[in-house]
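Have a look at the structure below before the remarks.
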Amino acid sequence: MPIGRQAVPTSRIWPSGGVHRWPPGGTSAADSHHRGHLVYAARGVLSVHTERGTSIVPANRVAWTPAGITHRHRAHGHTDMRIVFLPASLARLVPGRPAVFTASGLAREVLLALTGPREHDRAASARLRRVLVDELREAPEQPLHLPEPRDDRLRAVARRLYEDPGDTTSLAELGQRAGASARTLSRLFRDELGMTFYEWRTQVRIGHALVLLADGHDTAATARACGWANPSHFIAAFTAVVGTTPGRHRANG
């Protein structure tokens, strides 16, 4: 997914984490840290871009980026991003790759407490971070992380769908243009990305839908832009992935 213009957020940063308040379309420069970090959008929608893929982070998700992985953030809509760094002792308890988790009510409150105006002493902060990691270990990983394909033929298909998520071209026709049969592409999607083409395309579309909703588009327009002729089918697919309807998500954003 493309990266937009750079914008400097309003920030409060300290060693254990911080707050970035981004304008719509604001992006960070590419960076990496010696500690892994969690990001949460208290408002708006974030996308986290790494060489391994793209994570979409609406307000009911938490994204994890391990130490040493170069990443960039982008805000969709006015976004209140919270960031919490984890010490190595806790980072070992979560995946060694980028991931997205459901944010439980408790996880959300701990994230807000760790990044809020109240100052906690070192012991209290350590306890809160441990509670947060325990909550994430209990939470299922969510299908809002799109791994980056390595095969050139998959990259060609991905590039086309990233540019136009509403594209309804069949896998067979995409394969002809990419120089591979539908069967070969199906195998590559399973082997490299761990999902079928149609599962992957749905994730691309839902990620794009989250961006459009954050930018103020209504449900019907978003459904059309993301390839659904029937808005009710879009609402069902969106709810299955995100856990709430597009209307409720937009109202709460």
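- Counting only heavy atoms from C-beta outward, the side chains of R82 and V39 never approach each other to under 4.5 Å.
- Closest of all the heavy-atom pairs between P231 and A223 is CA-CB, 4.1 Å.
- More than 12 heavy atoms of other residues, nucleotides or ligands shown are found within 6.0 angstrom of CZ on R155.
- For the pair L188 and L193, the minimum side-chain heavy-atom distance is 4.5 Å or more.
- In this structure, CG in L132 is found 9.0 Å from CG in L90, a value given to the nearest 0.5 Å.
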R137/V133 under side chain to side chain contact (heavy atoms under 4.5 Å, CB included): CA gap, chis, key distance, verdict: CA-CA 6 Å; R137 293 181 71 192; V133 169; 4.0 Å; yes

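- Atom CG of residue L136 and atom CG of residue L38 lie 6.0 Å apart, to the nearest 0.5 angstrom.
- With hydrogens and angles disregarded, no donor-acceptor distance shorter than 3.5 Å links the side chain of R72 to the backbone of A30.
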Derivation and outcome, side chain to side chain contact (heavy atoms under 4.5 Å, CB included), residues V157 and L185: CA-CA 9 Å; V157 172; L185 285 180; 4.1 Å; yes

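- A donor and an acceptor atom, one from each side chain of S181 and T184, are located under 3.5 Å apart.
- Residues T50 and P98 approach most closely at OG1-CG, 4.1 Å, considering heavy atoms.
- Counting heavy atoms from C-beta outward, I83 and T115 have side chains that stay 4.5 Å or more apart.
- Of the possible polar contacts, one joining the T79 side chain to the G77 backbone as a donor-acceptor pair under 3.5 Å is found.
- When all heavy atoms are compared, the tightest approach of V57 to A63 is CG2-CB, 3.5 Å.
- With D80 contributing its side chain and G44 its backbone, the two residues share no donor-acceptor pair below 3.5 Å.
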Derivation of the side chain to side chain contact (heavy atoms under 4.5 Å, CB included) call for F189 and T196: CA-CA 6 Å; F189 269 102; T196 69; 5.9 Å; no

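- In this structure, E148 and E51 have side chains that are not in contact, with every pair of non-hydrogen atoms separated by 4.5 Å or more.
- Applying the side-chain hydrogen bond (donor to acceptor under 3.5 Å, both in side chains) test to pairs two or more places apart or on separate chains, those with a residue in residues 100-109 are Y40-R108, T102-Q142, S104-E135.
- Counting only residues at least two apart or in different chains, ring pair (Phe, Tyr, Trp, His ring centres under 6.0 Å) contacts with residues 88-134 are absent.
- When each of T245, L210, T202 is paired with F238, the side chain to side chain contact (heavy atoms under 4.5 Å, CB included) condition holds for L210 and for no other.
- The distance from atom CE of M81 to atom CZ of R43, rounded to the nearest 0.5 Å, is 15.5 Å.
- The distance between the ring centers of H33 and H71 falls below 6.0 angstrom.
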Verdict with reasoning, H76 to S47, per side chain to side chain donor-acceptor pair (under 3.5 Å): CA-CA 8 Å; H76 306 281; S47 52; 2.9 Å; yes

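- Here the closest non-hydrogen pair linking V45 and P58 is CG2-CA, 4.2 Å.
- Clustering ILVMFWY residues whenever any of their side-chain heavy atoms sit less than 4.5 angstrom apart, transitively, puts L161 in the very cluster that holds L171.
- Counted within 6.0 Å of CD on E138, heavy atoms from surrounding residues, nucleotides or ligands total 12 or fewer; the atom is thus considered open.
- Using modelled atom types, one side-chain atom of T239 and one backbone atom of I235 make a donor-acceptor pair closer than 3.5 Å.
- T27 is not listed as a side-chain neighbour of W22, based on a closest heavy-atom distance of 4.5 Å or more.
- Checked by atom type and distance alone, the side chain of R205 pairs as donor or acceptor with a backbone atom of C226 at under 3.5 Å.
- Considering NE2 of H217 and NE2 of H208, their distance stands at 8.0 Å, rounded to 0.5 Å.
- Rounded to the nearest 0.5 Å, atoms CD (E173) and CG (D167) are 8.5 Å apart.
- Expressed to the nearest 0.5 Å, how far CG of L146 lies from CZ of R201 amounts to 13.5 Å.
- Criterion: ILVMFWY side-chain heavy atoms under 4.5 Å apart, direct or through other members. Under it, I69 and L93 are not part of a common hydrophobic cluster.
- Between the side chain of T65 and the backbone N or O of H37 there is no donor-acceptor pair closer than 3.5 Å.
- No side-chain donor-acceptor contact under 3.5 Å links R190 to the backbone of F197.
- V242 and L212 sit in two unconnected hydrophobic clusters of ILVMFWY residues. Membership requires side-chain heavy atoms under 4.5 Å apart, directly or through other members.
- Heavy-atom minimum distance, P147 versus W200: O-NE1, 4.5 Å.
- Using a cutoff of 4.0 Å between basic side-chain nitrogens and carboxylate oxygens, R130 and D134 are scored as salt-bridged.
- Residues R74 and H49 meet the side-chain proximity criterion, which asks for heavy atoms closer than 4.5 Å.
- The shortest side-chain heavy-atom distance between L111 and V84 falls under the 4.5 Å cut-off.
- The nearest pair of heavy atoms linking A156 to A178 is CB-CB, 4.3 Å.
- Using a 4.5 Å heavy-atom cutoff, the side chains of W64 and L86 are in contact.
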M195 vs Q203, side chain to side chain contact (heavy atoms under 4.5 Å, CB included): CA-CA, chis, key distance, verdict: CA-CA 10 Å; M195 64 190 85; Q203 290 191 35; 3.5 Å; yes

